[in-house]
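Below: one structure, written as C-alpha cells.
Quick caveat, the model's predicted, so the values are computed rather than measured. Naming: A, B, ... by sequence-line order, numbering from 1 per chain.
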Protein chains: 2
Amino acid sequence: MRYLLVEDNRELAEAVIARLLLDGHAADHAATLAEARDWLSVADYDLMLLDVMLPDGDGRQFLTEHRATRDLPVIVLTARSQISDRVDTLDLGADDYLTKPFDFAELEARCRAVLRRRSGPSRNEIRLGEALFDPGAGTIDYGNTTLGLRNRELRLLEVFARHKGQILSKSQLIDRLFSQDAEISENAIEVYVGRLRRKLEPAGVRIETVRGIGYRLTTE
Amino acid sequence: MRYLLVEDNRELAEAVIARLLLDGHAADHAATLAEARDWLSVADYDLMLLDVMLPDGDGRQFLTEHRATRDLPVIVLTARSQISDRVDTLDLGADDYLTKPFDFAELEARCRAVLRRRSGPSRNEIRLGEALFDPGAGTIDYGNTTLGLRNRELRLLEVFARHKGQILSKSQLIDRLFSQDAEISENAIEVYVGRLRRKLEPAGVRIETVRGIGYRLTTE
DNA sequence: GCCAAGCTGACATCTGCCTGACACGGGGCG
DNA sequence: CGCCCCGTGTCAGGCAGATGTCAGCTTGGC
C-alpha cells in the first residue's frame, strides 16, 4: 500500500512515516497543501492521511476539492479540540478521522479498516476492455468463460490493472511483487509477463513492451 | 462468525462467551469500553453485543461514536427497566436490542437475524449450486439426501458461503473461526477444508485451492 | 549486420498443501 | 464411576504444482 501523509508537524510526520515504512508500506510526506498537490499529481496512492490545520490553508477545503476529482480514501487527523467538527469532516468526504495524539496501533487499525471498507464487500472489479478482473476472487471473466490466475500472475496483473496505461519498469514490478531481500532476476518478470500474456490474449487485454523501459497494460 | 461481547457482569459474560464458543464461533470479551476499543482496534468482528451500562461510561455514547466510523452490526443488551430507551438505542444505530435476562436461544436467533439482514437477501438458506445450505440447522440438502455437518465444518462453510467466489486466506479463516487468544495452526484449516470437501463433493460444491493465497468456494 | 534487450521452452527445486493416523478432552451412557 | 465415542486439532510423511533460472533463440534499434 502507498500512503501520502499531509502533516506540517515535522516530528509527528517523521514518526508516522517511519512506522509506515516499517510495516512494509510506501509512504510520502507533504508538509503543505501545495506539496500535497504535487505528490498527488505524480504518484498514485492507496490512502491519504490529512491534517486539517496546515500553514497554507484549511485541509477541509482541500478535502472537498479533492473529493470532487478523485476517489482516494482519506483519514483526517485533527487535534482533540476540533472534535466537534468531526461530523462536518465526515460529511466533507473523509472516510474516518483520528484525534491527535493517537497511537500507532490505532492508526494502523483505522487504515486497515478504511482500506477494507473500500475494497471489501463492495466487489471492486476492474474493467479491462471486454474482460472483468476480480482481484478478490482471483479470476478474469470474459465472454462466458472464467479463467483463474495463480498467485504471482494475480499480483502482477493487479499492479498493472491499478496503473492502467502507465509504463512500469521491471525493477518497479520486482519491488511490488517480491520482498525486499529477495534476489530476483529481471528475467523472472519477463517470464511472468509472458505467462500472463498467454492467458490474457484471448480476453483482449494486452501487455505491451516498451523496449528499454518496461511494460504497459492496454485494453482494446 | 466472530463476536465481541462488551459486558461488565462477569458471570453473564462468561456464560454467553461459553455458549458462543460452543456454537463454534469466535468470541472475545471486553468488560469495559476501553477494553472494547482495544479489541476493535486489533481484530475484525462480524457482530458486537453491547451492554449499555458499563463502569467507564455510557454504552450509548460509545455506540454513536462507533457508528460514525465503522459498519459493524451491534446488538444492544439492556436491563428490563431500560426498555423505554429502546427507541433511542435503535436510533443511535443499534441493529437490535435484547432485554436481560434473555435466553440463549433468543440471543442466537437475533444474531442470526441481524447477520442475515446485513448480508443481503433475507433468506435463511443459502443456495450453493444444486445444494441448499441451512446454517441455522447445520444441514445441506441436495437431490434427495440431507447431510449433516459438525460444528466447525458448519462455521467454516458459513464463512465461505458468505463470500462465495472470493479467495479467503487461511489466516482470515482462522480469524473468523477462532478467538484472539486461541493458538491455532494453519494446518487446522487445511484439515477442515479437506473434511468439508469430502462431504461437499457429491453435492457439487467445490472448494478450490489457490496455492500461496487461500481457498475459494465455487459451485457448478 | 551487429548488439542489446526481450521472449520462451524446459527443467530442478522447493515449499505449500494434503492426508492418514493419533492424542486429547468432554459428555453421554451403561 | 469408568468406559467409550465423538469432535477436534496436531503431526509427519509424501506429493505435486508453482516458481524462478537458464540457455538458446528472436526481435528491434542503430
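- The CD1 atom of A:Ile213 sits 19 Å away from the P atom of C:dA4 (whole-angstrom rounding).
- Atom CD of B:Glu130 is surrounded by 12 or fewer heavy atoms from other residues, nucleotides or ligands within 6.0 Å.
- The side chain of B:Tyr215 places no N or O atom within less than 4.0 Å of a non-bridging phosphate oxygen (OP1 or OP2) of C:dG16.
- Per the geometry, CD belonging to B:Glu190 stands 13 Å off P belonging to D:dC11, to the nearest Å.
- If you take NZ of A:Lys199 and P of D:dA18, they are 8 Å apart, rounded to a whole angstrom.
- Side-chain contact of A:Gln172 with A:Asp175: a donor-acceptor pair under 3.5 Å is absent, judged by distance alone.
- Side chain of B:Asp96 to main chain of B:Cys111: no donor-acceptor pair is present (N/O by atom type, distance under 3.5 Å, no hydrogens or angles).
- A donor-acceptor pair is defined here as one N or O able to donate and one able to accept, closer than 3.5 Å; such a pair exists between the side chain of B:Asp56 and the backbone of B:Leu33.
- Atom-to-atom, CG of B:Leu22 to P of D:dG7 comes out at 13 Å; the value is rounded to the nearest Å.
- Between A:Glu158 and A:Arg155 no salt bridge is recorded (no basic side-chain N to carboxylate O distance below 4.0 Å).
- Atom-to-atom, CZ of A:Arg155 to P of D:dT19 comes out at 9 Å; the value is rounded to the nearest Å.
- A salt bridge does not link B:Glu153 to B:Arg195: none of the charged side-chain nitrogens sits closer than 4.0 Å to a carboxylate oxygen.
- For A:Arg197 and C:dG6, the shortest distance from a side-chain N or O to OP1 or OP2 is not below 4.0 Å.
- Ion pairing between a basic and an acidic side chain is recognised when a charged N comes within 4.0 Å of a carboxylate O; A:Asp28 and A:Arg2 show such pairing.
- In this structure, B:Leu177 atom CG and D:dT8 atom C1' are separated by 13 Å, rounded to whole Å.
- Counting to the nearest Å, the P atom of D:dT8 and the CG atom of B:Asn151 are 5 Å from each other.
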Requested in this report: Indicate for each nucleotide in nucleotides 20-30 of chain D, in 5' to 3' sequence, whether protein heavy atoms under 4.0 Å reach the base (B), only the sugar-phosphate (S), or nothing (-).
Outcome: BBBB---BB--
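- Protein atom CG of A:Leu196 is 14 Å distant from nucleotide atom P of D:dA18, rounded to whole Å.
- Within the structure, every side-chain polar atom (N or O) of B:Lys170 is placed at least 4.0 Å from both OP1 and OP2 of C:dG16.
- One finds a side-chain N or O of B:Thr209 lying less than 4.0 angstrom from the OP1 or OP2 phosphate oxygen of C:dC18.
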